[in-house]
Amino acid sequence: MPLQFYNSLTRQKEVFEPLNAPYVGMYVCGPTVSGESHLGHARPFITFDVVYRYLLHKGYKVRYVRNITDAGHFEEEGKAAEDKISSKAVLEKLEPMELVQKYTHLYHWAMEQFNNLPPSIEPTATGHIVEQIEMIKTIIADGYGYVANGSVYFDVVKYNDDYSKKNQPYGILSGRNLEDQLDTTRELDNQEEKKNKVDFALWKNAPAEHIMRWQSPWGEGFPGWHIECSAMATKYLGKRFDIHGGGMDLQFPHHECEIAQSTVCNHEIPARYWLHNNMITINGRKMGKSYNNVIKLSELFDGSHPILTQAYAPMTVRFFILQSQYRGTLDFSNEALQASEKALRRLMEAYEWFKAQSFTAGTIASDATLDAQLNTWVAELETFMDDDMNTAKVVANLFEIIPSINSLKDKHIAADAVSGNTWLHVQQQLTLFIENILGLKIDTGANHQQLTGVIELLIEIRKDAKSRKDFATSDKIRNQLADMGIQLKDEKDGSMSYTFS
RNA sequence: GGUCCUGUGGCCGAGUGGCUAGGCAGAGCUCUGCAAAAGCUUCCACAGCGGUUCGAAUCCGCUCGGGACCUCCA
């Protein structure tokens with residue numbers, strides 16, 4: 001089966017065919033670095049990291065562009081609720097770029113914790129003001145933008161009238177029609193400047209207190225909310241590229257506006273496949289500022305948020321996200337995260353042991369059924385990924401394979417039950433899917449040579465004690481280490497292993 | 001109000017007509033000095049009502065519930 005993605009634009013699964021194989025261009029909307037990323041933000045970045053990894057696995061040469069939005073209204077986090085006068089005071093005290101710097105670092109740190117591969121290009125909005133201005137000029141020249149009091153707006157109604165004739169109405173992506181919106185759009189600032197309520201800003205005149213401002217043909221101001229993505233995607237991926245990704249909540253208006261802007265400038269819908277991940281919910285509600293239920297990533301990793309009963313490792317969170325298919329909502333709870341934590345540990349412990357085993361090619365399987373079953377499970381992994389990235393099914397199959405590995409380890413099945421070739425194949429495919437595609441890495445816990453040495457020493461002492469049947473000493477070592485979060489396990493062969501909790 | 005999505009066992013979550021999803025939790029057994037881990041077995045489902053069909057969690061209708069977008073938002 002060929003690789004298929006669900007394309008939000010056509011509302012169906014489609015076979016993925018790059019415009020210019022083997023090259024693939026992918027644009028994903030990145031963070032606004034005016035605050036710290038939260039659990040909800042983790043989902044698109046992990047989802048599209050897996051898309052990126054999988055495309056690389058398929059042999060494509062992928063240029064992955066993920067922007068950083070560092071222009072616009074910047075206020076110190078947590079101060080947003082204050083009125084405009086007091087937030088003006090915050091801006092006076094603090095350079096916007098100081099915030100940008102701080103939260104960009106935190107964001108990169110979080111991405112690294114999640115083991116996300118860095119994108120090929122990570123452009124900033126402030127670094128592409130010139131490109132954005134040029135694009136706006138083109139839109140005005142073509143008659144789809146107009147100037148009002150130093151701001152520039154996109155004429156959505158005109159665009160819709162003209163492009164409906166080409167079957168590309170405004171709303172083509174989100175499936176809404178303009179008539180509905182003309183009635184329902186809420187009052188915004190400077191509404192009277194617009195010809196129509198649905199028009200959106202391409203460039204905004206900067207009020208006196210606005211620190212982030214740039215010269216433009218229309219006076220000092222700053223770019224509108226949607227133009228940066230159009231400008232940067234065009235610059236680095238061309239007028240038409242393969243994949244545009246982001247969260248479902250960006251579908252409208254952000255991506256819709258991107259399509260309108262790029263279509264005017266480049267005369268085509270910018271991306272062929274539009275991929276949208278669904279939201280992470282908490283008690284059934286989307287995580288977001290307006291709901292006051294945001295768990296920041298740093299709080300998640302150190303367990304400091306009141307709703308959390310414990311800290312969760314970044315890999316646990318990644319695994320939690322990958323246990324579901326990206327287009328469905330995913331409900332957060334401590335119970336669910338704890339389940340993921342245990343499951344991930346079981347998976348990685350089995351995998352780690354198995355990876356270190358050596359097998360000989362060419363041996364014959366004594367249990368042909370098991371041999372065939374293993375081959376089937378492994379072969380299905382790619383099929384599941386090809387079907388719109390069903391990582392949930394991939395994970396499920398990994399857990400089908402685990403009992404065989406553990407049985408091999410505990411000698412419940414003989415090594416020759418399965419052919420050497422099959423074992424080698426399973427090894428290789430598990431590494432491919434667990435490490436390279438799902439991007440899960442072995443969490444070594446405390447990775448410190450001296451600590452490791454001390455634990456090894458305690459294990460030696462405990463082995464001695466056990467051989468003397470001095471169970472008091474033996475249990476003391478095990479229990480006290482357990483209290484410190486280090487679990488000792490007696491293996492079947494008399495050896496002892498340990499894990500960190 | 002408009003547009004759209006959704007309702008799966010204690011929890012999370014796959015599954016678009018017929019086959020055990022999977023994980024965690026629970027129960028039993030095996031192994032073990034004990035424990036943990038592991039293995040084996042097992043309990044618990046498809047919101048409700050009606051329809052289509054030989055057969056529906058899966059298609060259709062209605063009812064009830066939940067949610068998203070329409071405003072910066074992953």
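Just so you know, these numbers use all the heavy atoms, side chains as well, and skip hydrogens, waters and symmetry mates.
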Checklist entry - Starting at the 5' end of RNA chain B, which residue's closest nucleotide do you reach first, P253(A) or M248(A)? => result P253(A)

Next on the checklist: Assuming nearest nucleotide by heavy-atom distance, tell me which of A42(A) and G284(A) is located more 5' along RNA chain B.
Outcome noted: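 Whichever sits nearer the 5' end wins; that is G284(A).
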
[atom1] gap between [N] and [M], integer Å:
N	M	atom1	answer
G7(B)	C62(B)	C1'	16 Å
C69(B)	G51(B)	C1'	33 Å
U58(B)	U52(B)	C1'	14 Å
U8(B)	A14(B)	P	11 Å
C72(B)	G26(B)	P	47 Å
C44(B)	G22(B)	C1'	16 Å
C29(B)	C43(B)	C1'	15 Å

Please work out if [X] contacts a base, only the sugar-phosphate, or nothing of the nucleic acid, heavy-atom cut-off 4.0 Å.
X	result
A396(A)	base
I280(A)	base
N397(A)	nothing
Q325(A)	sugar-phosphate

Under-3.5 Å donor-acceptor pair between [X] side chain and [N] base:
X	N	answer
R478(A)	A36(B)	no
D490(A)	A35(B)	yes
D249(A)	C72(B)	no

Next on the checklist: Less than 6.0 angstrom separating the ring centers of F114(A) and F45(A), yes or no?
Outcome noted: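 Not close enough - the centres of the two rings lie 6.0 Å or further apart.
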
Next on the checklist: Is the distance between the ring centroids of H41(A) and H38(A) under 6.0 Å?
Outcome noted: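 When the ring centroids of H38(A) and H41(A) are compared, they turn out to be within the sub-6.0 Å range.
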
Pair assignment for [N], Watson-Crick or G-U wobble, requiring both distances under 3.5 Å:
N	value
C40(B)	G28(B)
C62(B)	G48(B)
C34(B)	none
G18(B)	C54(B)
A68(B)	U3(B)

Next on the checklist: Quick check on side chain to side chain donor-acceptor pair (under 3.5 Å): which of D475(A), D470(A), T473(A), D490(A) does R462(A) satisfy it with?
Outcome noted: D490(A)

Item to check | Ionic contact status for R66(A) with D49(A), cut-off 4.0 Å | outcome: no

Next on the checklist: Regarding K393(A) and D387(A), does a basic nitrogen lie under 4.0 Å from an acidic carboxylate oxygen?
Outcome noted: no

May I have the distance from [X] (atom [atom1]) to [N] (atom [atom2]), rounded to whole angstrom?
X	N	atom1	atom2	answer
R346(A)	A36(B)	CZ	P	16 Å
F433(A)	G22(B)	CZ	P	20 Å
L344(A)	G13(B)	CG	P	17 Å
E400(A)	G15(B)	CD	C1'	14 Å
M389(A)	A14(B)	CE	P	13 Å
N278(A)	C69(B)	CG	P	10 Å

Distance-only check: which donor-acceptor pairs under 3.5 Å involve side-chain atoms of residues 394-405 of chain A, not counting sequence neighbours?
unit_1  : atom_1 : unit_2  : atom_2 : d
N397(A) : ND2    : W377(A) : O      : 2.9
N397(A) : ND2    : E380(A) : OE1    : 2.8

Checklist entry - Taking OP1 and OP2 of A38(B), is either one under 4.0 Å from a side-chain nitrogen or oxygen of R345(A)? => result no

Item to check | Aromatic ring pairing H255(A)/H276(A), orientation class (parallel under 30°, perpendicular over 60°, tilted between) | outcome: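 Tilted, since the angle between the ring planes falls between 30° and 60°.
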
Checklist entry - So F200(A) and F154(A), would you call those rings parallel, tilted or perpendicular, with 30° and 60° as cut-offs? => result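 Geometry flag for F154(A) against F200(A): parallel rings.
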
Item to check | Minimal non-hydrogen separation, I68(A) against E228(A), with atom names | outcome: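 The answer is O-OE1, 4.2 Å.
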
Item to check | Strand contacts (RNA chain B) in residues 404-415 of chain A, 4.0 angstrom heavy-atom criterion | outcome: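 Those residues are N406(A), S407(A), D410(A), H412(A).
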
Checklist entry - With centres under 5.5 Å and planes under 30° as the test, does F471(A) stack with G33(B)? => result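 Yes, F471(A) stacks on the base of G33(B), since the ring centres sit under 5.5 Å apart and the planes are within 30°.
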
